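The next block holds one structure in the form of structure tokens; read it before the comments.
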Amino acid sequence: MRMIKWQNGTVITPDQTKLPLQEVTLEITTVEQMAEAIKTLRVRGAPLLGAAAGFGVALAAYHSKAKTKEKLLSELEDAGSIIKCQRPTAVNLFWGIDRVLNKARSVSGSLEELKDIVIEEAQKIADEDAAQNRAIGKNGSILIKDGDTLLTHCNAGELATVEYGTALGVIRAAWGQGKKIKVIADETRPLLQGARLTAYELKRDGIPVTLITDNMAGYVMSKGLVDKVIVGSDRIVQDGVVNKIGTYSVAVLAHEHGIPFYVAAPKSTFDLAHKASDVIIEERKPEEVTRIGSQQIAPDGINVMNPAFDITPLKYVSAIICETQVYYNKDFVAFKKPVN
Ligand code: MRU
């Protein structure tokens with residue numbers, strides 16, 4: 001199912017903050033609404049952020065009243081800047097904006113042609129992501145055996161992408177091949193993407209899923225209940241994989257227990273010009289930690305840390321599955337040089 005659609009100047013996408021209790025559809029018509037949806041995680045997950053970013057610039061083009069190409073280009077640049085400053089970590093957000101803006105800058109036709117090309121480019125990003133996730137699923141499915149139990153963290157599913165999912169795409173592909181697999185989903189505090197979104201998606205699709213709290217991962221591994229770990233990513237740099245907070249702990253635990261740790265992500269998530277030390281880790285508001293939903297669970301005025309992501313050094317990663325191939329740990333030395 002398509003998670004994001006363009007319909008005559010409106011972007012249609014589910015409000016992920018309402019799931020699993022309510023299925024609410026957002027109809028986004030302005031750059032400001034798109035920015036708000038990204039900031040609040042109504043729209044979330046790295047590949048979906050890439051597509052949403054492209055459509056955000058397309059909204060500015062579609063609704064523009066500019067009379068010259070210069071004015072239109074400057075409005076598109078402004079839209080890109082507004083969207084870029086909503087979340088700093090997932091590289092796909094920046095990649096999506098830059099791809100559409102670069103296309104716009106290269107166009108020599110009329111004002112109307114420029115608008116059409118911007119919208120087309122945003123649509124291409126979405127279509128390509130849908131196809132890439134199926135390729136990731138197929139490439140990754142060779143790593144999954146009949147009977148495996150896979151542990152996943154956060155939500156790298158259909159909801160985090162345009163279609164099908166990355167880590168959950170691999171799981172879907174293996175399940176589709178008739179492999180009788182099971183999934184253990186970490187709940188993923190503080191925002192519970194595992195409990196709310198991964199559990200929802202897999203249960204809906206009839207793939208066996210068991211929910212655990214994050215601090216149970218070591219116990220289930222020590223009991224031999226996990227064969228493989230598979231997660232998505234927000235940014236892959238020369239020396240590490242950036243993903244939802246808690247991924248690093250799961251990777252270290254997997255290493256200690258001799259369990260393969262796989263990352264599934266499209267090439268749009270690769271940022272091999274940078275190192276872990278260059279990455280800005282988003283720090284979110286304290287209330288996400290001191291509350292669960294509207295329920296306060298900590299004393300008033302307590303000091304809080306709330307980093308939304310962490311970085312797993314590549315030594316803990318067994319393989320990275322992308323749309324063109326599987327990179328095994330021995331291949332990661334090449335990440336110091338640009339990959340096409
Ligand atoms: O803060 P979120 O929910 O946007 O974080 C999402 C994740 O960390 C995902 O694991 C990642 O984006 C990969 S999604 C295919």
Side-chain angles (χ1 to χ4, degrees), residues 3-4 13-19 37-53 86-96 126 129-130 132-137 140 151-172 185-202 214 229-236 240-251 261-271 279-285 288-289 306-312 317 320-323:
M3 285 301 117
I4 195 159
T13 188
D15 183 343
Q16 299 197 31
T17 61
K18 299 284 192 286
L19 288 169
I38 290 171
K39 179 97 196 158
T40 56
L41 273 59
R42 297 182 200 284
V43 175
R44 53 148 295 280
L48 186 64
L49 288 176
Q86 300 310 314
R87 298 191 77 189
T89 308
V91 74
N92 310 60
L93 183 79
F94 302 87
W95 169 88
D129 185 68
Q132 284 158 0
N133 293 327
R134 285 182 197 273
I136 289 171
L151 184 140
T152 190
H153 190 75
C154 193
N155 172 262
E158 175 179 86
L159 286 159
T161 62
V162 174
E163 228 176 72
Y164 203 65
T166 55
L168 298 194
V170 172
I171 287 169
R172 281 198 169 92
D186 282 353
E187 68 170 348
T188 318
R189 271 284 283 154
L191 293 180
L192 305 172
Q193 288 93 331
R196 294 188 303 104
L197 308 175
T198 296
Y200 163 81
E201 261 192 64
L202 294 177
D214 300 323
V229 174
I230 187 157
V231 297
S233 174
D234 288 82
R235 194 184 281 249
I236 295 169
V241 169
V242 184
N243 194 45
K244 179 53 56 196
I245 191 75
T247 302
Y248 171 46
S249 321
V250 173
F261 181 91
Y262 299 130
V263 175
K267 287 273 180 74
S268 54
T269 305
F270 284 54
D271 177 22
V279 177
I280 300 174
I281 297 292
E282 178 181 9
E283 182 75 29
R284 294 187 62 87
K285 56 183 184 185
E288 291 179 355
V289 175
N306 188 14
F309 299 94
D310 60 28
I311 308 180
T312 299
V317 179
I320 297 176
I321 305 151
C322 71
E323 64 273 31

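First listed ligand is number 1; within each ligand, the first listed atom is number 1. In this text the structure is predicted, and so the values were computed from the model without any measurement.
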* Asked: After noting the C-alpha distance and the side-chain angles of T166 and N133, does the key distance pass the side chain to side chain donor-acceptor pair (under 3.5 Å) rule?
  -> CA-CA 6 Å; T166 55; N133 293 327; 5.7 Å; no

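- The 4.0 Å heavy-atom shell around ligand 1 contains residues L41, R44, G45, A46, P47, R87, C154, N155, A156, A160, T166, Q193, G232, S233, D234, N243, K244, F309, ordered by chain and number.
- When the side chain to side chain contact (heavy atoms under 4.5 Å, CB included) test is applied to E323, the partners found at least two apart in sequence or on another chain are Q132, A135, I136, P266, K267.
- A126 meets the side chain to side chain contact (heavy atoms under 4.5 Å, CB included) test with R2, A51, F55, Q123, V162; sequence neighbours excluded.
- No side-chain donor-acceptor contact under 3.5 Å links E282 to the backbone of R87.
- For the side chain to side chain donor-acceptor pair (under 3.5 Å) criterion with Q16, the lone passing option out of R44, R196, R42 is R44.
- Every salt bridge (Lys or Arg N to Asp or Glu O under 4.0 Å) that K18 has, sequence neighbours left out, goes to D15.
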